[in-house]
Amino acid sequence: MGEPKRIGILTSGGDCSGLNAAIRAVVYCAVGTYGWEVLGIRQATLGLMVRPPQFTKLEVDQVNTLLTAGGTMLGTTNKGDPFAFPMADGSVCDRSNEIIAGYHQLNLDALIGIGGDGSLAILRRLAQQGGINLVGIPKTIDNDIGITEHAIGFDTAVNIATEALDRLHFTAASHSRVMILEVMGRDAGHIAIAAGIAGGADVILIPEIPYTIEHICQRIKEQQEKNKNYCLIIVSEAVRTQEGENVTITNRLGQSRYGGIGEYLADQIIQRINAETRVTVLGHIQRGGTASPLDRLVAAAFGVAAVNLIAEGKYDQMVTWQNRQVVSVPIAEAIAQYRAVDPNGTLVKTARGIGIYLGD
């Protein structure tokens with residue numbers, strides 16, 4: 001099995017379901033199969049930036065109950081680019097060398113980073129600069145990393161959105177309402193289109209396909225003419241207004257984020273037709289809770305594959321799910337291939353084939 005190794009693992013970027021399942025798999029394989037030592041880095045790269053570095057030594061008995069737990073036991077952050085880290089005085093500072101020094105201070109032989117394309121890009125830059133042996137595991141509820149068919153967290157998010165649609169059917173029918181469900185999806189509509197088909201939506205709006213309010217209202221009228229007294233609409237948060245403008249919310253710190261497209265659509269519909277309309281925003285509910293069986297399966301396969309790459313001395317690689325198996329690809333190649341919903345792809349054809357309005 002070669003020389004014993006000391007490896008680190010961290011979770012970076014937004015949380016999602018399945019992260020703990022991946023951590024568990026890494027520990028089971030690294031400790032149980034290879035006899036290595038695993039250090040869980042706290043709060044992503046922030047844990048390597050402080051002195052002493054913040055970590056937890058992970059043993060099998062610490063992680064054996066994590067399979068169904070949501071979130072990440074290690075904590076995470078999606079703020080503070082280490083190459084332009086925000087300081088208290090409002091300036092920014094390159095603190096990348098502090099993170100690199102933290103890695104080497106822990107005498108790590110390799111680091112497993114679990115993150116999306118943004119997090120993995122930062123980790124790879126740190127690895128290239130500081131001689132870090134890095135292996136990546138993809139996670140994102142948006143499922144927009146193009147080179148992998150599955151990323152940890154996506155399936156659970158779709159399940160939650162689908163369940164929400166399932167529940168909205170009944171209250172919509174009871175009150176003869178148009179129900180709009182706003183779901184996450186940074187710049188891609190994978191959650192909306194998958195859940196919309198599975199949950200029986202009448203209208204699916206995604207960033208990749210333009211739409212008109214008039215056509216949405218026409219679909220609502222068609223539903224009424226077919227004696228269906230309600231309409232379900234699912235919309236990705238990144239969908240723009242009919243005029244092409246982003247809909248965002250600004251918080252008390254002056255930071256903007258996607259949000260509000262559901263209310264925009266409701267206002268537009270109410271102005272045009274006599275349809276009682278309500279909006280439900282799932283928000284971070286999609287990120288939390290127990291991981292679906294598929295997310296647990298993918299997380300376990302990714303965790304084992306990442307450890308095996310380290311055992312083989314193969315670094316600067318990301319594990320991916322392709323053609324029903326896990327394979328590795330260079331991280332640079334993996335994060336370069338962004339995947340939005342294909343307007344001519346199978347799911348779009350499926351939705352249209354069963355009469356769902358998508359736009360155009």
Side-chain angles (χ1 to χ4, degrees), residues 116-118 138 140-151 153-162 164-165 178-223 231-248 257-262 264-266 268-269 281-282 286 294 320-323 329 333-360:
D117 53 359
T140 168
I141 67 169
D142 298 325
N143 209 36
D144 55 2
I145 301 176
I147 208 162
T148 183
E149 295 167 13
H150 297 292
F154 172 67
D155 187 67
T156 303
V158 170
N159 285 0
I160 292 169
T162 301
L165 283 175
V178 175
M179 302 296 289
I180 300 173
L181 179 67
E182 181 180 319
V183 298
M184 284 184 167
R186 181 180 55 182
D187 293 303
H190 294 293
I191 294 174
I193 194 165
I197 294 171
D202 302 297
V203 175
I204 300 174
L205 301 179
I206 57 177
E208 296 86 348
I209 299 177
Y211 67 95
T212 67
I213 300 295
E214 287 71 20
H215 286 162
I216 295 173
C217 292
Q218 182 60 39
R219 176 49 56 91
I220 295 171
K221 292 177 181 177
E222 291 172 359
Q223 297 290 92
C231 183
L232 288 185
I233 300 173
I234 184 169
V235 56
S236 173
E237 64 182 359
V239 167
R240 298 184 176 188
T241 67
Q242 185 175 250
E243 294 73 30
E245 298 177 354
N246 287 327
V247 182
T248 59
R257 59 176 176 80
Y258 284 132
I261 185 63
Y264 163 82
L265 292 170
Q268 295 296 314
I269 291 169
V281 180
L282 280 186
Q286 294 154 98
L294 179 57
T320 69
W321 193 286
Q322 298 179 26
N323 300 318
V329 297
E333 178 184 342
I335 61 178
Q337 298 189 34
Y338 175 80
R339 184 178 69 170
V341 174
D342 181 358
N344 299 308
T346 296
L347 290 188
V348 170
K349 292 178 180 178
T350 299
R352 288 185 169 141
I354 56 178
I356 299 173
Y357 173 73
L358 285 172
D360 285 339

Pairing residues for Gln322 by the side-chain hydrogen bond (donor to acceptor under 3.5 Å, both in side chains) criterion, not counting sequence neighbours: Thr320
Gap separating the CG atom of Asn344 from the CD atom of Glu208, nearest 0.5 angstrom: 12.0 Å
Contact check, side chains of Ile233 and Ile269, non-hydrogen atoms, under 4.5 Å: yes
Listed partners of Glu333 passing salt bridge (Lys or Arg N to Asp or Glu O under 4.0 Å), at least two apart: none
Nearest heavy atoms of Ala334 and Val329, plus distance in Å: CB-CG2, 3.7 Å
For Tyr211, side-chain hydrogen bond (donor to acceptor under 3.5 Å, both in side chains) partners two or more places apart: none
Any side-chain heavy-atom pair of Gln286 and Val183 under 4.5 Å: yes
Minimum heavy-atom distance Leu282-Ala161, with the two atoms named: CD1-CA, 3.7 Å
Residues that Asp117 engages under salt bridge (Lys or Arg N to Asp or Glu O under 4.0 Å), provided they are two or more places apart: Arg186
Over all atoms of both residues, closest heavy-atom pair of Ile145 and Pro138: CD1-CB, 3.8 Å
Criterion side chain to side chain contact (heavy atoms under 4.5 Å, CB included) on Ile213 and Leu265, from CA distance to verdict: CA-CA 8 Å; Ile213 300 295; Leu265 292 170; 3.8 Å; yes
Partner residues of Glu222 under the side chain to side chain contact (heavy atoms under 4.5 Å, CB included) criterion, sequence neighbours left out: Gln218, Arg219
Thr140: side-chain hydrogen bond (donor to acceptor under 3.5 Å, both in side chains) partners, not counting sequence neighbours: none
Closest non-hydrogen atom pair between Asp144 and Ala188, with its separation: CB-CB, 4.2 Å
Asn143 side chain vs Ala151 backbone, donor-acceptor pair below 3.5 Å: yes
Side-chain (Glu182) to main-chain (Val235) donor-acceptor, under 3.5 angstrom: no
Distance, nearest 0.5 Å, that separates CD1 of Ile160 from CG of Leu165: 12.5 Å
Pairing residues for Glu245 by the side chain to side chain contact (heavy atoms under 4.5 Å, CB included) criterion, not counting sequence neighbours: Thr241
Backbone N/O of Asn323 and side chain of Glu149: donor-acceptor pair under 3.5 Å: yes
Side chain proximity check, Asp187 to Pro207, heavy atoms < 4.5 angstrom: no
Pairing residues for Arg240 by the side chain to side chain contact (heavy atoms under 4.5 Å, CB included) criterion, not counting sequence neighbours: Asn246
Residues in side-chain hydrogen bond (donor to acceptor under 3.5 Å, both in side chains) contact with Thr212, at least two apart in sequence or another chain: His215
Full working for side chain to side chain contact (heavy atoms under 4.5 Å, CB included) between Gln242 and Tyr264: CA-CA 10 Å; Gln242 185 175 250; Tyr264 163 82; 3.7 Å; yes
Worked verdict on Phe154 versus Leu294 for side chain to side chain contact (heavy atoms under 4.5 Å, CB included): CA-CA 9 Å; Phe154 172 67; Leu294 179 57; over 6 Å; no
Spatial distance of atom CD1 (Ile209) from atom OG (Ser236) [nearest 0.5 Å]: 11.5 Å
Interatomic spacing from OG1 in Thr148 to CD1 in Ile335 - rounded to 0.5 Å: 14.0 Å
Pairs of donor and acceptor atoms involving the side chains of residues 189-205, under 3.5 Å and at least two apart or interchain, shall be tabulated with distances.
| unit_1 | atom_1 | unit_2 | atom_2 | d |
| --- | --- | --- | --- | --- |
| His190 | NE2 | Arg339 | O | 2.9 |
| Asp202 | OD1 | Gln223 | NE2 | 2.7 |
| Asp202 | OD1 | Lys228 | NZ | 2.7 |
| Asp202 | OD2 | Lys228 | NZ | 3.2 |
| Asp202 | OD2 | Leu232 | N | 2.8 |

